[in-house]
2 protein chains.
Amino acid sequence: MSPASRESGGRDLRRNAPIFAALGDATRLKLLTKLSRGSRVSIARLTEGSTLTRQAITKHLRVLQDAGLVRGVRRGRENLFELEPEPLDEARRALDVISRQWDQVLARLKSFVE
Amino acid sequence: MSPASRESGGRDLRRNAPIFAALGDATRLKLLTKLSRGSRVSIARLTEGSTLTRQAITKHLRVLQDAGLVRGVRRGRENLFELEPEPLDEARRALDVISRQWDQVLARLKSFVE
DNA sequence: TTCATATGCAACCTCCTGGTTGCACAATAG
DNA sequence: CTATTGTGCAACCAGGAGGTTGCATATGAA
């Protein structure tokens, strides 16, 4: 068994806190869905249609980037952002860890009741 | 198709922001793993072994409860907390939505390169 | 060159979050 | 009854998050 999963199972889950925190904002989720269409999008275009300032959007993108969910590549005068697949998969796996234990608990409970 | 999934796919994702926000804290993730063992645990016992105050733990539990991830039931003088399975599953499904689109994008990209 | 576009940086503001302390109160234990 | 245990509530505090504005700068277009 790997060291991470041996130690009470909580450590590798706790590692994902920054990712979840980055996901815990409606504006940022909106940005992610815009980016999930696949093309690289500039900050200006990501700001279009939002009530927020370009600077606000920039800050949100920074948060997403620090969490590793997104990456910005420079092209000419614009900064194009694209999704970064791996961390999200990891977060999903982390949720799997809890809900799997959860399921076991429920199954145990159910068999106890029946 | 449901109304939620029809509207640009982003709305039902954005609904999960509070859940992700609740998950975005190391202390709360630790609490969740403690609770994922299945038994109902009192605030006092959840506080044991932590460097934080009971009040701090209480506040975190409140956040988890407001996000619907946890539920407190009163027994005598103590407040026992237990997990609430459904919202977490929903959050996981929400992540699935992004990463599935993501995968499609990557697949498209790959087939384009090859 | 000259103008417009896309961004970056920094200062500033307000409000929420995470944490503490102190006190009051209900429920058990002896 | 009295002491102890488990909570709840409120006030308070420091720091960070989200947002704005103003200005500087690089690139592209004409």
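Protein chains get the first letters and strands the later ones, always in sequence-line order, with residue 1 at the start of each.
Counting any heavy atom pair closer than 4.0 Å across all strands shown, A/Arg62 reaches no nucleic acid atom. Residue contacts for A/Ala56: at a heavy-atom cut-off of 4.0 Å it reaches a base atom on one of the strands shown.
Here the range on DNA chain C touched by chain B, meaning any atom under 4.0 Å from one of its heavy atoms, is C/dG18 to C/dT28.
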>> Using a 4.0 Å heavy-atom cut-off to protein, can you give one letter per nucleotide of nucleotides 22-30 of chain D, 5' to 3': B if the base is in contact, S if only the sugar-phosphate is, - if neither?
In response: B----BS--
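Residues B/Ile43 and B/Lys59 each lie close to DNA chain D; by heavy-atom proximity, the contact nearer the 5' end of the strand is made by B/Ile43.
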Can you give me every donor-acceptor pair (side chain of residues 49-61 of chain A, partner residue at least two apart or in another chain, under 3.5 Å) with its distance?
unit_1  : atom_1 : unit_2  : atom_2 : d
A/Ser50 : OG     : A/Leu52 : N      : 2.9
A/Thr58 : OG1    : A/Arg54 : O      : 2.9
A/His60 : ND1    : A/Arg28 : NH1    : 3.2

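Nearest heavy-atom pair across A/Leu83 and A/Ser36 is CD1-CA, 3.2 Å. Closest non-hydrogen pair, A/Ala17 versus B/Ala26, comes out as CB-N, 3.9 Å. The two residues A/Gly72 and A/Gln65 make their nearest non-hydrogen contact at N-NE2, 3.4 Å. Smallest separation of non-hydrogen atoms from B/Lys30 and B/Thr33: O-OG1, 2.6 Å.
One atom, CG of B/Leu80, and another, P of D/dT5, lie 18 Å apart when rounded to the nearest Å. Following rounding to the nearest Å, A/Leu29 (CG) and D/dG18 (P) show an atom-to-atom distance of 12 Å. Rounding to whole angstrom units, CG of residue A/Leu61 and C1' of D/dG18 are separated by 14 Å. Protein atom CD1 of B/Ile57 is 18 Å distant from nucleotide atom P of D/dC9, rounded to whole Å. Here D/dC9 presents its C1' atom at 14 Å from CG of B/Asn79, a figure rounded to the nearest Å.
Note on B/Ile43: it clusters hydrophobically with B/Val70, by side-chain heavy-atom contacts below 4.5 Å among ILVMFWY residues.
Each of A/Arg40, A/Arg75, A/Lys34 was evaluated against A/Glu82; a single residue qualifies, A/Arg40, per the salt bridge (charged side-chain N to carboxylate O under 4.0 Å, His left out) test.
The side chain of A/Thr53 contributes no N or O atom lying less than 4.0 Å from OP1 or OP2 of D/dG19.
In terms of modelled atom types and a separation under 3.5 Å, the side chain of B/Arg74 and the main chain of B/Arg77 share a donor-acceptor contact.
Between A/Arg45 and A/Glu48 there is no salt bridge, since none of the side-chain N atoms of the basic residue sits less than 4.0 Å from a carboxylate O of the acidic one.
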